[in-house]
Structure formats: structure tokens, C-alpha cells
Amino acid sequence: QVQLVESGGGLVQAGGSLRLSCAASGRTASSYTMAWFRQSPGKEREFVGGILWSGGRTDYADFVKGRFTISRDNAKNTVYLQMNGLKPEDTAVYYCAARGSRPLVADPRMYGYWGQGTQVTVSS
């Protein structure tokens, strides 16, 4: 079992920045894939980006490329989502997710572990 706890959400003005953290505990391994998803009211959960624990390869959704960056701290078992240039349309609940294998995929059904989510609100 893997437990995920997100933190760092909040209210920010358009153009501002936030950094989300996802602390993983329990059974983690170098083969794990970590990802960030988001969901706003009335919309499906969508892939934001992800990272491989081993090697650190990342991938991002087109709508965040150049603005968001995912990184990891293996010693702390923590994954980060640095969000810059935030827009009102980035407003959503952001979730951290993990799957016990590769590759890095965008389908939320492929992830078996989820955090509780953290609200990000961007005002115009």
C-alpha cells in the first residue's frame, strides 16, 4: 500500500505561482510512476503531468508545458508540482497519484493510489 498526502494549494492571483507537494509513504519503489491530475466542477479528471521515480523522466499535458514543472526528492519520498504563470482556468482540485509500474501514462484509471486532493483557486 502507498499513502499519498498533498499540500500547498490555495488562492493566488492570475500570473502567480504555487508549489504543490505530494508526500508518499508506505510501500514505494523505484519502479513507481507518479502523476498529478486535476478536476474542476463538471469536468473529468485530467492529466497534468508525471514523473518516473527512477530516472526522473517527466511528461506534461500540452496546456501546462512551459508553465508547470514536476520534480522529486527521493530522500523525502516527495514529488512536487511547481506551477508558474497560473491562469483562472487552472482552478481545480489537484490530485497526486501513483502506479506501481511504468510507463508514464495519462489515463487516471491506470493509477491505483490517490491523495485526498488540494484546492487551487486562481483569481482573475
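Predicted model only: the values in this text are computed from it and were never measured.
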Atom of Leu81, atom of Ile70 and distance for their closest heavy-atom approach
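So the two residues come closest at CD1-CG1, 3.6 Å.
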Testing the basics here: between Tyr95 and Gly117, what is the closest heavy-atom pair and its distance to 0.1 Å?
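Heavy atoms of Tyr95 and Gly117 come nearest at CD2-CA, 3.6 Å.
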Once rounded to the nearest 0.5 Å, what's the spacing between atom [atom1] of [X] and atom [atom2] of [Y]?
| X | Y | atom1 | atom2 | result |
| --- | --- | --- | --- | --- |
| Arg102 | Arg57 | CZ | CZ | 8.5 Å |
| Leu20 | Met83 | CG | CE | 4.0 Å |
| Phe63 | Glu46 | CZ | CD | 3.5 Å |

Consider only side-chain heavy atoms of I, L, V, M, F, W and Y, link residues closer than 4.5 Å, and tell whether Met110 and Phe37 are in one cluster.
yes
Is there a chain of hydrophobic side chains (I, L, V, M, F, W, Y, each step under 4.5 Å between heavy atoms) that links Tyr32 to Tyr80?
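No: no chain of side-chain contacts under 4.5 Å links Tyr32 to Tyr80.
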Can you find a heavy atom in the side chain of [X] that is under 4.5 Å from one in the side chain of [Y]?
| X | Y | answer |
| --- | --- | --- |
| Ile51 | Val79 | yes |
| Trp114 | Pro108 | yes |
| Leu52 | Leu104 | yes |
| Gln82 | Ser17 | yes |
| Thr33 | Trp53 | no |
| Cys96 | Trp36 | yes |

Could you tell me whether Gln13 atom CD has more than 12 heavy atoms of other residues or ligands within 6.0 Å of it?
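Count not over threshold, so no.
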Residues Asp62 and Lys65 bridged, charged N to O under 4.0 Å:
yes
